[in-house]
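Comments concern the structure below.
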Amino acid sequence: MDFQSLIPELAKGLLHFTWGNGVMILAALALIYLAVFKEIEPVLLLPIGFGCLLANIPLAGMTAAEGMLGVLYEAGIKTELFPLLIFIGVGAMIDFSPLLAQPRMALLGAAGQFGIFGTLMLAIALGFPLNQAASIGVIGAIDGPTSIFVATKLAPELLAPIAVAAYSYMSLIPIIQPPLMRLLTTKRERLVQMEYAPKPISKRTLILFPIVLTLTVGLLVPEATPLISMLMLGNLLKVSGVVERLSKAAQNEIINIATLFLGLAIGATMTAKDFLNFDTGKIMLLGLIAFALDTVAGLLFGKLMCVLSGYKVNPLIGAAGISAFPMAGRLAAKTANDENPHNFILMHAMGANTAGQLGSVIAGGVLLAIVSKLI
Amino acid sequence: MDFQSLIPELAKGLLHFTWGNGVMILAALALIYLAVFKEIEPVLLLPIGFGCLLANIPLAGMTAAEGMLGVLYEAGIKTELFPLLIFIGVGAMIDFSPLLAQPRMALLGAAGQFGIFGTLMLAIALGFPLNQAASIGVIGAIDGPTSIFVATKLAPELLAPIAVAAYSYMSLIPIIQPPLMRLLTTKRERLVQMEYAPKPISKRTLILFPIVLTLTVGLLVPEATPLISMLMLGNLLKVSGVVERLSKAAQNEIINIATLFLGLAIGATMTAKDFLNFDTGKIMLLGLIAFALDTVAGLLFGKLMCVLSGYKVNPLIGAAGISAFPMAGRLAAKTANDENPHNFILMHAMGANTAGQLGSVIAGGVLLAIVSKLI
Amino acid sequence: MDFQSLIPELAKGLLHFTWGNGVMILAALALIYLAVFKEIEPVLLLPIGFGCLLANIPLAGMTAAEGMLGVLYEAGIKTELFPLLIFIGVGAMIDFSPLLAQPRMALLGAAGQFGIFGTLMLAIALGFPLNQAASIGVIGAIDGPTSIFVATKLAPELLAPIAVAAYSYMSLIPIIQPPLMRLLTTKRERLVQMEYAPKPISKRTLILFPIVLTLTVGLLVPEATPLISMLMLGNLLKVSGVVERLSKAAQNEIINIATLFLGLAIGATMTAKDFLNFDTGKIMLLGLIAFALDTVAGLLFGKLMCVLSGYKVNPLIGAAGISAFPMAGRLAAKTANDENPHNFILMHAMGANTAGQLGSVIAGGVLLAIVSKLI
Amino acid sequence: MTANLLLALQITLIGMGLVFGAIILLWGMMTLLTKLTADKDSASDSPKPVSASETETLARAAAVAVALAMAEQQLSSAHPLKDPPTAIVSAWQLGMRTRQMAQKGYRLSR
Amino acid sequence: MTANLLLALQITLIGMGLVFGAIILLWGMMTLLTKLTADKDSASDSPKPVSASETETLARAAAVAVALAMAEQQLSSAHPLKDPPTAIVSAWQLGMRTRQMAQKGYRLSR
Amino acid sequence: MTANLLLALQITLIGMGLVFGAIILLWGMMTLLTKLTADKDSASDSPKPVSASETETLARAAAVAVALAMAEQQLSSAHPLKDPPTAIVSAWQLGMRTRQMAQKGYRLSR
Ligand code: NA
Ligand code: NA
Ligand code: NA
């Protein structure tokens, strides 16, 4: 027994503290601050921030393979279980009837995914290898679980900055989108009123939709199956009306536990070594660009639909096609309403918004399919 | 990088689609239809059907070892954790006081297990090897978790058809039993009235029962210990009255999450290769026979008790001894009530029904003990 | 196939039953009795007792590596996940404002940990090796998860008696403490009244406290990080007020499931081989001494503060510094109130009591740090 | 095949025998258990005796009772997760209640 | 670098093409689905048509409705875990209800 | 043995020293924390001062307050899982509310 060595042993925590740890702890505190005091996606940024804090306390061992956060990472991130379980819960909270009532709104959900590919090109131009560039691009899905799912498969080393960018910017949408809306549309376009008189959607339709969608997307884009199928499973649990027990479990215990553990485990990957480099800065910047590109592409496509329809489509709903449900839909409706207080395009915007959710998952699957073949 | 190969790569989902996948997807849709529109055990058949759907989308990879459904299978089916967790919840929902008030009803819970062994003999006659024949026989336990537990140990390759048979036929009991009841009993027998004047059951008795039962069964049939002990643990959590927190957790989050995951993981074993063969058809048929044999044996034993007691026992309660709680008990009571609107034998039928639940687990354990020794 | 060997096979459960199993089953029944009829920590002692019952049913296989209890042990005890998850829930239930309102009460939370080290010395004197002696000492933390966490790291073979001692004696505190309080304090001391006029604690303070505490303790005692950080995470989830979803999950599903599984898995380690020896008896005795030493040290330190403050501090609150929240705090307040019905020192006692909770975790970490270096 | 069938028959005989044996043992155990424990605790909510000789009233009353029972069911299942009185929480609730008590006592006394 | 950018451009073209292709397919699928199933079941809670030509009333009414909706929200979210009518439980509830029924019928008939 | 006991004594001294050291540090940290943050936010629900010099009234009032606190406890714990106002859900509730609003506005305007 070596008793003399006790003293340095007892100060080891401080002795092993690096400036990198210090910077990362500041980053963790910033995330927690945003979550708690600015209420920016607190259910995710608070656990991520706390996980980051723990990962930067030297010798605590929580991020080691046998430490708690390491165990959670192995159990739920590496297996992709956590994002998929979250999707079951999200699916059980989504209402697809506005989209089913006006199926052509689906098109806007495709246009709003351009940011994914545009950002991928920019990332390649900045020198990122293809797998990393694709993972960065998928921030443009503007959908946390999709971004995490794709990044885990293609570039797990970038998981933390990608997740942080995806969730942080989500709350900045009310700041990012409105200027672009006003810049890219004319007053005449924003004043376009839309008639909302859809066929009623039967319960049968609502039940068949998640099943047929799973099959259609699954057969065309096998890589998108895990994400789309869990989203649709959650939705089926809800709309079927016969398994309220499971639907409630999906919306409560399953999503809550998965969210807490996912946040902690992702935050735990934010070590100085992996996070403190220029790449992280570039990723944060590219993520912001991805959000903007999505909005621009959605608006331009909206303008195209506006012209082609003879000014029957308000191009603002194009901005709702980016997913980010339901903020984007509400913003588009609000902007139109601000221009003319009698103009209500919320249901159209919500249709586009739900389509954006589906488009994001499909785009994520397409990206996975193409890129895993190429690398 | 091989860019030319992208096109076939992108159609790969459809290119790998086999007719077997098609048939299995139809089977999945049939299960979902039964669950949603016919409300046949929806909490299980809906996840099983959806799992089957996912298992037959080519290249989706969800059933691979590292896919979500593969992970769930390893974590909860192979370890038998899911059926056991479900049993904790079921135990917390069962009330054993009708059985404790009339212990001789227990005998009917033994008779109602004959279907297990009768079906085993038939399966042997049809050429199944012993381990598979025993697993098929245990459909006659008419108890989902018991069937799944035994099949996982003896013949995991038959898990899917056995689980599907066990849960599908469970809801057909109101169709299977009444004709047999009327066929095998005389009007005089069905008119037998039963006095119900039991001793009151003390809280102390209710608390000691699950503990003593676990010890008794555990020492006699060690193989039945996991099932019986988890059933009894759940019951003890409830009747003790001091751990309402844990009792509620067992009846809600634990059973709900385990049920959803169990259903998905079992459905995921329904691949064309394992499911589309004559054996599956034979198993479905044998399962139906098992249900009928249970009912017949229960009724015949009821008739025996009727005669021996000098027409003090209504033989219809024999049909309640098959488990399938509480449908079988209600059916027996209803049939007697239909014959004479003043004849109430529900409490006796419920006693037999609860005994059937215990008998099923014991029979499953006995079967495991004998067969694991012989193979 | 060897059919003749069936008969012994079928009696194997009874044939393998040893007197050790019998004694352990009696111990299990005693634990269940205490839990159910005496309501001594039922949420833990009931599952522990039931797990012990199952571990002593021969050939049931539930404690084997692939049995249910073995799987739970690997998944949650060996990884230390269960005690840490419980701590998230406990943290979400603690209110630190009484301590923050009177920070000097923290000192009493240090004094009340002397039992840990005092018992370690006694255990060494009784011949236990250092790792075991330290694990036994940590019963003096009077905090279940801390005891389990430290024992798992240092001497997992002693996990069961340590957990049983920790939880059983917790409920004996109302019997252990009052005589010591009266023995060690004079009437004049017990009559000391304390003014309670603290600054109001802002929400901002309550939010910063768990974060700063995690960092401070984590950097000083890395070994305490897992425990203290999960306690503080739970507290942050609650006080932040922005993630009620996660806070409720921590206080309900997470803690309930973890508690049930932890109890079962620990009970399952109570086999005759590991439990039935003189060491177990010694540990139970040492555990009792640990509780008494904590109380004595707390009271003596309280007397010191009393004298130094010129009889402004009632020494009874020293007994609340042992943790065992909130029983110890209430007992101290009650004893003072019994002496003078107008003397209310509850808020001071609660401050000392919460400090005891923190002190326990810190002492556990310090012990781990010192002992893992020495062995 | 015949050998297999014979084996299956043997399994059936032994199996059913064991199941009946175990169940008869349980019967005895339950009888003993109720005998040993029943008298000591009479304030239980166990089912009251229902004799089949009751008159027509029973059937009519039953219809009324179903409605009542369903309404009760509704009521009781409406709060299925109310905080239970177990140790983890009860201790805390005790503490919290005491604190509220102290504060309220203070406020009330003003 | 140029080669990489060219590749990225190709990925973009193919990717966006596939996304649009899949979405157009979904459009068709949804149109077909609503056509095939809509008429058979009209008792749905789908959104009623809202035309933009409504007068000022709409805006005023909306303000009232928000308050109502929020109150409803409050009410409906107050019991989020009431026991659901699914098979696991419903069977049990059925049994328990029947038992309560029998007991109450007995009591009522006295 | 003596060597071991000496070691144990050393562990105790160092251990208790470190525990006291850490706790004293926490004391300072808490004092600093409350100083730096307390004044900025006064609308907190922190405990009000309770002086021990209060008269008999306190004890009597306390008894009343316990009943009140317990009743409140009952009430507040009856809905322990009401949907919380966090981001996952609140966004959705916002959307749903808006939809209900639009529909109701429409209905009301008829
Ligand atoms: Na998107
Ligand atoms: Na059965
Ligand atoms: Na302590």
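A, B, ... follow the sequence lines: proteins, then strands. Residue 1 opens every chain. Values below: all heavy atoms of this structure, side chains included; hydrogens, waters and symmetry mates excluded.
Both the backbone and the side chain of Met16(F) come within contact range of chain C, each with at least one heavy atom under 4.5 Å from a heavy atom of that chain. Using a 4.5 Å cut-off between heavy atoms, Ala111(C) touches chain F through backbone and side chain atoms alike. For Leu26(F), the part sitting under 4.5 Å from any heavy atom of chain C is the side chain, from C-beta outward, and nothing else. Of the two parts of Phe301(C), only the side chain, counted from C-beta on, holds a non-hydrogen atom closer than 4.5 Å to a non-hydrogen atom of chain F.
Gly15(F) approaches Val366(C) most closely through the heavy-atom pair CA-CG1, 3.8 Å. Leu120(C) approaches Ala8(F) most closely through the heavy-atom pair CD2-CB, 3.7 Å. For the residue pair Ala22(F) and Ile362(C), the shortest heavy atom distance occurs at CB-CG2, 3.9 Å. The minimum heavy-atom distance linking Ala106(C) with Met30(F) is given by the pair CB-CE, 3.8 Å. Counting all heavy atoms, side chain and backbone alike, Ser202(C) lies closest to Thr37(F) at OG-O, 3.3 Å. Shortest non-hydrogen contact noted between Ile23(F) and Gly359(C) is CD1-CA, 4.1 Å.
When side chains are defined from C-beta on, Leu7(F) does not count as touching Ile124(C), because their heavy atoms never get closer than 4.5 Å.
Contact count against chain F (heavy-atom pairs under 4.5 Å) is highest for Met121(C) among Met105(C), Met121(C), Gln113(C). No other option in Ile116(C), Val371(C), Leu208(C) has as many heavy-atom pairs under 4.5 Å with chain F as Leu208(C).
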*asked:* Between Leu18(F) and Val221(C), is the side chain to side chain contact (heavy atoms under 4.5 Å, CB included) condition met? List the steps.
replied: CA-CA 9 Å; Leu18(F) 284 169; Val221(C) 195; over 6 Å; no
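Within a 6.0 Å sphere centred on NZ of Lys334(C), other residues, nucleotides and ligands contribute 12 heavy atoms or fewer.
Ring centroid separation for the pair Phe20(F) and Phe114(C) does not come in under the 6.0 Å cut-off.
Between the side chains of Thr34(F) and Thr205(C), no donor-acceptor pair is found at a separation under 3.5 Å.
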